Each structure stands twice: as C-alpha cells, then as structure tokens.
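Below is one structure, written out as structure tokens; the observations come after it.
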Amino acid sequence: MQAKIARCPEISLLCLCEATDSDAAMYGALTPLLSKNGGYFLIADSEDGESLPATTAEHTAVYYPALTTSYRSRPLDQYIFVDGYNDPSPQKPAPVGKTTLAYIEKKEKAVYMQISEKVDEWFATEYPSVHLRASPAVAGAYCRTDQERGVWKAPANVALRNVKGLTASVTDAMQAEMMKAGVNAIRYFSDRGTMIWGARTMVPPATPTWLYISVRRLFNAAQRDIQQAMRFAVFQPNSQPTWEAVRSAIDNYLYRLWRDGALMGESQEEAYFIQIGKNVTMTDTDIRQGKMIVKIGIAAVKPAEFIILEFTQDVEPG
C-alpha cells in the first residue's frame, strides 16, 4: 500500500472510506508514510470519542462521531436478484438464478417498476439510514476549504453535506474531554446543521508546536512546494548566482503565502526568513559534496479556537 501511494505524488490526505474490522492494521500500514514527514496527513475515526489510532500524532487528526446520511442503502439493480420471474422471451432466458432487476427492466418496464417499488419499501424498513464513518466526509471538507481558502485555513466551523444526523450527540462537556484526548467533535447545531467543530491533531496540548491541523498541513504543503520550486537548481553550479536564484524563488512563494494571510507578521521580515550561502548554511565540504542547504523559517497563523468576550457594565449607585 505504501508503494502505491508513493507513486502518486499529488496525494497528501489519507483516510479509510469504508468501515472495516481491520482499522488498526490499516492505520499501522500507513504509519511509516506518516513518520517519514513526507507531507502526508491522515484523517482518522474514533469509535467512542476516546480511542485513538497508533499513528504519528502530528500527522493525524481524529473525528467523532459517525454520520447518519441521506444516501440510499439499496444496491444497484444489477446486484438485486429476483426469484420466480416469468421471462417473456423464453428463447433467450436469463441464466438460472441470475435474473437481476436490471435484466427485468430491459424486458418489462412495468414489472420492473412494481418490483423496484417493493424493493425500495423493504430497504427503507430494514435499513432506514446509512451510517458512514466521518473521515471521508471530513476529507471532502478539507478539500473544499483548501480550494476556497487554502491549507492554512483550519478545516473547522465547516458544514458537512448530505448528513441527516449523528450516531451520537456531543455536549460541551464531552467536547472538552475529547479535545484533551486529541479527538475533534462533529456536532449538530439547529441553526447551522452538522458542523466540524475541532481543528486539532493528536499532539498533546502540553507540546503545542503541531497542535493544529492547519499549521501542520501548511508546513507539509510548503515543504512539497519549495522542493518542487528548487528542482531547477539540480545540476546547476553550486555557487552564489544559483543560491540567489533559489532564494528568490522561495521568497516569491513565501511572499504569496504571507500576502494571502497564511503567515503572521506585519512585514515579510516578521513572517519568514530564508538563509542560504557559504558559511551561512553550507561549509566548503558541503559544497564539494554537491549539497545545497537552505534554512527557512515561517510564522504560521494559528486558528482562533476560543473567542473570549469581556463585558463591563457600569452601574449607577443606588
């Protein structure tokens, strides 16, 4: 699995789309990719709002609870088999035991409609709701937020679509405990619908460097983009003109991030720095060995997780 994912350089988000009995094994297989700091980020699920996958904390975000969706549980017509159907064209009947609803639709539209209606009624009774794990829907919200705002915008306070309800209700008190454990809540609000209401990785709050999803993913994206921007320098002379060209390319990229609001600071100097050069980031030995070393620092904007309001009311003495 790791090799297949690595062959697709455009992949950065990972999640399990179907509920399985082998989540732990699947997450375990993804852990080496996450541990290499190769720009991958895992969106995972918690079964109970407390349990966490044994993956790299700073590259994992966990969500709870699962979703009750508006999707149909009925299979496609070619996977629904009908017994006792009298084929109107016996010269070319369907194989025994293989009369599908799709086959009947081609033969007799009216009969198909009658059977299809009964099938819908049965599935509506036996499977009234389709429950799906949260992570695929959350992954869609990530992508939508990336496109509309950028990876530096926390994928939270975002509505999930086609959701009828949740498999569990999360209260304020529950969410406080979930946040400490590293689990992001999905909550329903009567005026807004079903919302992603958390923006944290699994990193403990006591070590906050990579506590927020948006900060970790911003650095992941910057690492990938800057590496790509530096490819022109491969096999170029490892000298001052090349270093300046590299510095300029990186500066253009980081300036755009700062201008778009991804970085802190009232000036470029406060938002980021770039260091490259002999006796700055490289020694003579590094240069002889063909190593071009660049040091970059960026000040990422953190999400406003808590909005605190203070009010003062002057009271006239009585």
Side-chain angles (χ1 to χ4, degrees), residues 2 5-6 11-16 27-46 49-64 134-135 138-139 141-143 145-146 149-158 175-186 196-228 250 253-254 257-258 260-265 270-275 294-307:
Q2 296 179 48
I5 294 173
I11 292 177
S12 60
L13 288 175
L14 306 172
C15 72
L16 304 184
Y27 288 143
L30 293 172
T31 297
L33 278 178
L34 302 171
S35 300
K36 291 177 182 178
N37 198 21
Y40 297 105
F41 194 86
L42 173 65
I43 305 172
D45 298 89
S46 176
E50 298 178 1
S51 58
L52 301 173
T55 54
T56 309
E58 67 185 69
H59 293 286
T60 305
V62 183
Y63 293 86
Y64 174 84
S135 54
V138 172
Y142 273 47
C143 294
T145 302
D146 289 355
R149 296 283 301 276
V151 296
W152 56 88
K153 164 65 175 69
N157 198 4
V158 175
Q175 182 175 358
E177 294 302 315
M178 288 167 58
M179 289 174 65
K180 294 177 185 177
V183 179
N184 295 300
I186 297 178
I196 301 174
W197 211 247
R200 293 189 175 193
T201 67
M202 292 196 304
V203 170
T207 54
T209 302
W210 303 117
L211 179 62
Y212 295 110
I213 297 164
S214 53
V215 174
R216 178 67 270 182
R217 293 190 65 228
L218 172 61
F219 276 76
N220 285 355
Q223 177 178 310
R224 287 190 174 203
D225 293 344
I226 289 172
Q227 285 176 336
Q228 185 173 357
I250 297 173
Y253 172 78
L254 294 179
L257 286 181
W258 172 67
D260 292 342
L263 306 181
M264 297 180 65
E270 293 178 353
Y272 62 87
F273 69 81
I274 307 163
Q275 295 178 348
V294 185
K295 290 185 179 180
I296 301 167
I298 61 178
V301 174
K302 294 180 174 63
E305 189 175 38
F306 302 102
I307 298 178

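These numbers come from a predicted model, not from an experiment. Just so you know, residue 1 is the first one in the sequence shown, and it goes up from there.
Between Val62 and Gly182, the closest heavy-atom pair is CB-O, 3.9 Å. Minimum interatomic distance between Tyr253 and Ala221 (heavy atoms only, all atoms of both residues): OH-O, 3.7 Å. In terms of heavy-atom proximity, Asn184 sits nearest to Gly198 at OD1-C, 3.2 Å. Shown here for Ala300 and Leu218, the closest heavy-atom pair between the two residues is CB-CD2, 3.7 Å. For the residue pair Ala271 and Trp258, the shortest heavy atom distance occurs at CB-CD1, 3.4 Å. Closest approach of Ser46 and Val183 over heavy atoms only: CB-CG1, 4.2 Å.
Remark: Arg224 qualifies as a cation-pi partner of Tyr40 under the 6.0 Å distance and 45° angle criteria applied to the six-membered ring.
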Verify side chain to side chain contact (heavy atoms under 4.5 Å, CB included) between Phe41 and Leu14, making sure each step is shown before the conclusion.
CA-CA 6 Å; Phe41 194 86; Leu14 306 172; over 6 Å; no
Checking side chain to side chain contact (heavy atoms under 4.5 Å, CB included) for the pair Val138/Ile186: CA distance, chi angles, key distance, verdict?
CA-CA 9 Å; Val138 172; Ile186 297 178; 4.0 Å; yes
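Considering CD1 of Ile196 and CD1 of Ile213, their distance stands at 8.5 Å, rounded to 0.5 Å. Annotation: the span from Met179 atom CE to Leu211 atom CG amounts to 8.0 Å, rounded to 0.5 Å. With rounding to the nearest 0.5 angstrom, the OG atom of Ser12 is 11.5 Å from the CD1 atom of Ile5. Atoms CG and CH2, from Leu263 and Trp152 in turn, are 9.0 Å apart once rounded to the nearest 0.5 Å.
Side-chain atoms of Tyr272 and Ile250, non-hydrogen and from C-beta on, never get closer than 4.5 Å to each other. Between Ile298 and Leu254 the shortest side-chain heavy-atom distance falls below 4.5 Å.
Here Thr55 pairs with Tyr27, Thr31, Leu34, Leu42, Pro53, Thr60, Met202 under the side chain to side chain contact (heavy atoms under 4.5 Å, CB included) rule; sequence neighbours left out. Residues meeting the salt bridge (Lys or Arg N to Asp or Glu O under 4.0 Å) test with Glu177, sequence neighbours left out: Lys180. Here Ser135 pairs with Asp45 under the side-chain hydrogen bond (donor to acceptor under 3.5 Å, both in side chains) rule; sequence neighbours left out. For the side-chain hydrogen bond (donor to acceptor under 3.5 Å, both in side chains) test, residues two or more places apart in sequence or in another chain that qualify with Tyr63 are Tyr142. Shown here are the side chain to side chain contact (heavy atoms under 4.5 Å, CB included) partners of Ala185, two or more places apart in sequence or in another chain: Val170, Gln175, Met178, Arg187.
For residues 203-217, the pairs satisfying side chain to side chain donor-acceptor pair (under 3.5 Å) are Glu58-Arg216, Asp146-Arg217, Tyr212-Glu305, Arg216-Asn220, with sequence neighbours left out.
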